[in-house]
Undergrad: 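Let me begin by handing over the structure; questions about it come next.
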Amino acid sequence: MNIKFKDGSQGQYSDGATPFEILKAKEPEATKRAVAARVNGQSVDLWRPLHADAELEFLTFDDSEGRDVYRHSSAHLMAQAVRELYPGVQLGIGPALEDSFYYDILVPEFLTPEDLEKIETRMGEIAKRKVPIQRRELSREEAITLFQERGEVLKVELLQEMEEGVSVYQQGDFVDLCRGPHLPNTGYIKNFKLLSLAGAYWRGDESRPMLQRIYGTSYPTAEQLEEHLRRHEEAKQRDHRRLGKNLDLFSFHPEAPGTPFWHPKGVILVDQAVKYWREMHTAHGYQEIRTPVVLSDVLWRQSGHYDHYRENMYFSRVEDRDYAIKPMNCPSGLLVYKTYQFSYRDLPQRFAELGLVHRFEKSGELHGLIRVRAFTQDDAHIFCTPEQIETEIVNLIGLVQEIYRTFGFTEVRVELSTQPENSIGSAEIWRRAEAALESALKKAELPHELNPGEGAFYGPKIDFHIRDSLGRSWQCGTIQLDFSMPERFELEYIGADGERHRPVMIHRAILGSLERFIGLLIEHYAGDFPLWLAPVQARILPITDKQHEYAIGVRDRMRKAGLRVEADLRSEKMGYKIRQAELEKVPVMLVVGGREAEADQVSMRLKGQGDQGAKPVNEVITLMQNAVERKQQQL
RNA sequence: GCUGGCGUAGCUCAGUCGGUAGAGCUGCUGAUUUGUAAUCAGCCGGUCGGGGGUUCGAGUCCCUUCGCCAGCUCCA
């Protein structure tokens, strides 16, 4: 048979040759790196015999597909070790992740970290034996019998939902239901580490039993494994909860779980972000409103929140009347709109609101600033005619991107979420709304993923996601198109024809939650904020107390110039004061000794960059003002 | 909410087998007057998350409750 290779070459091989044999004949050295093959675009085992002409490619750990094979086989190796060590276990599923793998296992006894060590040791033994990993293709019936005999009820359940023609992989006594491909033998898995242990519902369903999920990672070389663990350690250092405490930005207290207490430095961060946000919104034709936090339950019944969002809401009852604490700002926006009589000439109307909303979250879902129970949405509701939808949304996408860029976020994932099960509005309305969002995304040339069934209950949405330090992705911005609320609240505008028409409503947030956004911002910059955001922009460090008066003078001049400046007047050595300022991540340190005081100068030291030499005070002020003005990432 | 883990001084953490709670940093006082990442000395600081129990005796063992962490589920 004739085999074509990716490099353009081709060769003749006898029928039944495996990719491994072909590679060995062609390029013996490369067999060490190959983990799987791709035949006519489909990934297969290196030991799968070929029987027809084909295009052949080899996958290594450097390909994401090859990495998945490596991790997937690692998961099998781990499962094999667990089965050998703990009788009576049942396997769930065990896929590869981006840079790790896991296996969900039903274990009669709870595993402990010590168990992980035992499992690791056993994995090492099995790997050393280089146990061949073999594929077998079975009928569904045969597979069900096989797993039933082995007491693998979970696998049988999976099989019952699968199509005819399945494959299993066997290594020694261990058999697993799996599509593959896999490594040729367990000896390929050389460097691995089991990372953590957690519960996970079987098939992600709260009502099903909880399995134990074991996470691990594996690499071909020890250096790569070390590097992975080091990166993980580093990521922990930039965790916003840790930095928030160290940098004195905010605190949490059991008296109000899930709601941050902002400290003075944290407030500066929030204020700077809001100041910029206001400038941008004014420039883009928004007007700001401010509405109540506690509103009558009658309103929430009318809006549909009572029926569709009640589990997440807080309620209050006074003087025999029921109130709800707002989980969203939209109903208030609608009430404001209704106080006006708008003509088509007045639209679009863009009402922005920094609204404090409360949403009840189950205790286990809270996470620092990123997942809280009370947060400030940088909300806005745009009321427009149906014809204006596309332009509005395309412009909005541009605004979102510009604002993210200013904060240094360049890696943003975009999703289009469509009608959920629990929703209001007719099928026709949903179809129109979804089509409108799709065409706006197309026009804006924004690559995006589809997230079916994840829209808001009143309309589909475009979501913007940002990753945290540990690689978890969080929704920030959102653009939601809503034909239903205007209907429910009977909004109107007067058209060119003199008749009453119904406007369309766009709900949108860019930062999403101020709290979440600041949390992600802290992690993004690892606390090293650009000058315009830094809570303390400069600290003046006099060498002896002879310069105190001069230092205070410089500090006050800089403050009058609009800069956030402190002076460290403690009787400490320079090295100590610098160390403190560096640890507190103050971007600019200004050392003043006798020489500087004499010449109206300061010695400028930049955080992480060291001494920049003496400069006139006015020059430093101008330099810093410019960096703030331009929102420079670096001074 | 669920599964598992963790709560000791303001912070980071020790505390063995159940036998009188410890260190460093911070803070305070004093000395020191310092030139680019830790000057020295002394002092203060604790209902061991809360409540209950076992015990002659509990930071340590048991129950319960609150909070936090990882993951699951759910969401900005």
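To find a chain, count down the sequence lines: A is the first, B the second, and so on, and within it residues start at 1. Computed from a prediction, not measured in an experiment: that's the story for all the values here.
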Undergrad: Taking the nucleotide of RNA chain B with the nearest heavy atom to each, does A:Glu582 or A:Pro254 sit closer to the 5' end?
TA: A:Glu582
Undergrad: Give none if B:rU12 has no partner; otherwise give the nucleotide forming a Watson-Crick or G-U wobble pair with it, both distances under 3.5 Å.
TA: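 Base-paired to B:rA23.
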Undergrad: Could you tell me how far B:rA23 sits from B:rA14 if I compare only their C1' atoms? Round to whole Å.
TA: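 Straight-line distance between the two C1' atoms is 7 Å.
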Undergrad: Categorize A:Glu572 for me: base, sugar-phosphate, or nothing, with a 4.0 angstrom heavy-atom threshold over every strand shown.
TA: base
Undergrad: Taking the nucleotide of RNA chain B with the closest heavy atom to each, which residue, A:Gly258 or A:Asn246, is nearer the 5' end?
TA: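 Counting from the 5' end, the first nearest nucleotide belongs to A:Asn246.
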Undergrad: Could you let me know what B:rU47 is paired to, Watson-Crick or G-U wobble, both distances under 3.5 Å, or none if it's on its own?
TA: none
Undergrad: For B:rU20 versus B:rA58, give the span between their P atoms, rounded off to a whole number of Å.
TA: 12 Å
Undergrad: Closer than 4.0 angstrom, basic N to acidic O: yes or no for A:Glu353 and A:Lys326?
TA: yes
Undergrad: Considering every strand and a 4.0 Å limit on heavy-atom distances, what is the contact class for A:Thr112: base, sugar-phosphate, or nothing?
TA: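 Nothing, no heavy atom under 4.0 Å.
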Undergrad: Give me the distance, rounded to whole Å, that separates B:rG42 from B:rU26 when you measure between the P atoms they each carry.
TA: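 Result for the P pair: 15 Å, nearest Å.
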Undergrad: Please work out if A:Glu596 contacts a base, only the sugar-phosphate, or nothing of the nucleic acid, heavy-atom cut-off 4.0 Å.
TA: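 The residue A:Glu596 makes base contact.
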Undergrad: Can you tabulate the close N/O pairs, meaning under 3.5 Å, that link protein atoms to atoms of nucleotides 25-29 of chain B?
TA:
| from | atom 1 | to | atom 2 | distance (Å) |
| --- | --- | --- | --- | --- |
| B:rU26 | OP1 | A:Tyr576 | OH | 2.7 |

Undergrad: How long is the line joining CZ of A:Phe250 and C1' of B:rC11, in whole Å?
TA: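 Atom CZ in A:Phe250 sits about 15 Å away from atom C1' in B:rC11.
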Undergrad: Between B:rC40 and B:rU32, how far apart are the P atoms? Round to whole Å, please.
TA: 16 Å
Undergrad: Distance between the P atoms of B:rC25 and B:rU64, in whole angstroms?
TA: 42 Å
Undergrad: So what's B:rG30 paired with, Watson-Crick or G-U wobble, going by both distances under 3.5 Å?
TA: B:rC40
Undergrad: Distance check, rounded to the nearest 0.5 Å: A:His448 atom NE2 versus A:Asp463 atom CG?
TA: 12.0 Å
Undergrad: Output the rounded distance in Å from OH (A:Tyr102) to P (B:rG4).
TA: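 Going from OH in A:Tyr102 over to P in B:rG4 covers 20 Å.
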Undergrad: In whole Å, I'd like the distance from the NZ atom of A:Lys607 to the C1' atom of B:rU36.
TA: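 Taking NZ of A:Lys607 and C1' of B:rU36, I get 15 Å after rounding.
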Undergrad: Taking atom P of B:rU12 as reference, at what distance in whole Å does atom CG of A:Leu583 sit?
TA: 15 Å
Undergrad: Take atom CZ of A:Arg242 and atom C1' of B:rC6, then tell me their distance rounded to the nearest Å.
TA: 17 Å
Undergrad: Can you find a donor-acceptor N/O pair under 3.5 angstrom joining the side chain of A:Thr544 to the base of B:rU34?
TA: no
Undergrad: Would you confirm whether A:Asp482, through its side chain, and A:Met485, through its main-chain N or O, come within 3.5 Å as a donor-acceptor pair?
TA: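 Here the side-chain-to-backbone pair exists.
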Undergrad: Nearest to the side chain of A:Lys245, heavy atoms from C-beta on, is which of B:rG67, B:rC11, B:rA31?
TA: B:rC11
Undergrad: Taking atom OG of A:Ser74 and atom CZ of A:Phe192, what is their separation to the nearest 0.5 Å?
TA: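 Here the rounded value is 8.5 Å.
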Undergrad: Taking a pair as Watson-Crick or G-U wobble with both distances under 3.5 Å, which nucleotide is matched to B:rA70?
TA: B:rU3
Undergrad: What do you reckon, is CZ of A:Arg203 surrounded by more than 12 foreign heavy atoms closer than 6.0 Å?
TA: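 For A:Arg203, atom CZ is crowded (more than 12 foreign heavy atoms under 6.0 Å).
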Undergrad: Can you confirm if the aromatic rings of A:Tyr309 and A:Tyr458 lie within a centre distance of less than 6.0 Å?
TA: no
Undergrad: Work out how far the C1' atom of B:rG59 is from that of B:rC2, and round it to whole angstrom.
TA: 29 Å
Undergrad: Check A:Arg350, A:Arg278, A:His281 against A:Glu288 for a side-chain hydrogen bond (donor to acceptor under 3.5 Å, both in side chains) and give me the one that passes.
TA: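 Of all the options given, the one that passes is A:Arg278.
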Undergrad: Nearest whole angstrom, please: distance from the C1' of B:rU36 to the CZ of A:Arg595.
TA: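 Computing the A:Arg595:CZ to B:rU36:C1' distance gives 11 Å.
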Undergrad: Whom does B:rG35 pair with, Watson-Crick or G-U wobble, provided both distances fall under 3.5 Å?
TA: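 Its partner is none (no Watson-Crick or G-U wobble pair with both distances under 3.5 Å).
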Undergrad: Could you tell me the separation between the CH2 atom of A:Trp202 and the CD atom of A:Gln90, rounded to the nearest 0.5 Å?
TA: 9.0 Å
Undergrad: Can you measure A:Gln547 atom CD to B:rU36 atom P for me and round it to whole angstrom units?
TA: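 Nearest whole value for this atom pair: 14 Å.
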Undergrad: Watson-Crick or G-U wobble partner for B:rU60, using a 3.5 Å limit on both distances?
TA: none
Undergrad: So among A:Arg539, A:Arg579, A:Lys607, which one has a salt bridge (Lys or Arg N to Asp or Glu O under 4.0 Å) with A:Glu584?
TA: A:Arg539
Undergrad: Counting only Watson-Crick or G-U wobble pairs whose two distances fall under 3.5 Å, which nucleotide matches B:rG18?
TA: none
Undergrad: In B/S/- notation, 5' to 3', how is nucleotides 70-76 of chain B contacted by protein heavy atoms closer than 4.0 Å?
TA: SBBBBBB
Undergrad: I need the CG-C1' distance between A:Leu541 and B:rA37, as an integer number of Å.
TA: 12 Å
Undergrad: Just to be sure I understand the rule, does A:Lys546 reach a base, reach only the sugar-phosphate, or reach nothing, if contact means heavy atoms closer than 4.0 Å?
TA: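 Contact class for A:Lys546: sugar-phosphate only.
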Undergrad: Is the NZ or CZ atom of A:Arg213 positioned over A:Tyr102's six-membered ring, under 6.0 angstrom from the centre and within 45° of the axis?
TA: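 Because its charged atom sits under 6.0 Å from the ring centre and within 45° of the axis, A:Arg213 does stack over A:Tyr102.
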Undergrad: Check whether the ring centres of A:His524 and A:Phe407 lie less than 6.0 Å apart, and answer yes or no.
TA: no
Undergrad: Out of the candidates A:Phe464, A:Phe375, A:Phe409, only one should pair with A:Phe517 under the ring pair (Phe, Tyr, Trp, His ring centres under 6.0 Å) rule; please name it.
TA: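 That would be A:Phe409.
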Undergrad: Can you tell me, in whole Å, how much space there is between the C1' of B:rG57 and that of B:rA21?
TA: 15 Å
Undergrad: Taking atom C1' in both B:rU8 and B:rC68, what distance in whole Å separates the two?
TA: 15 Å
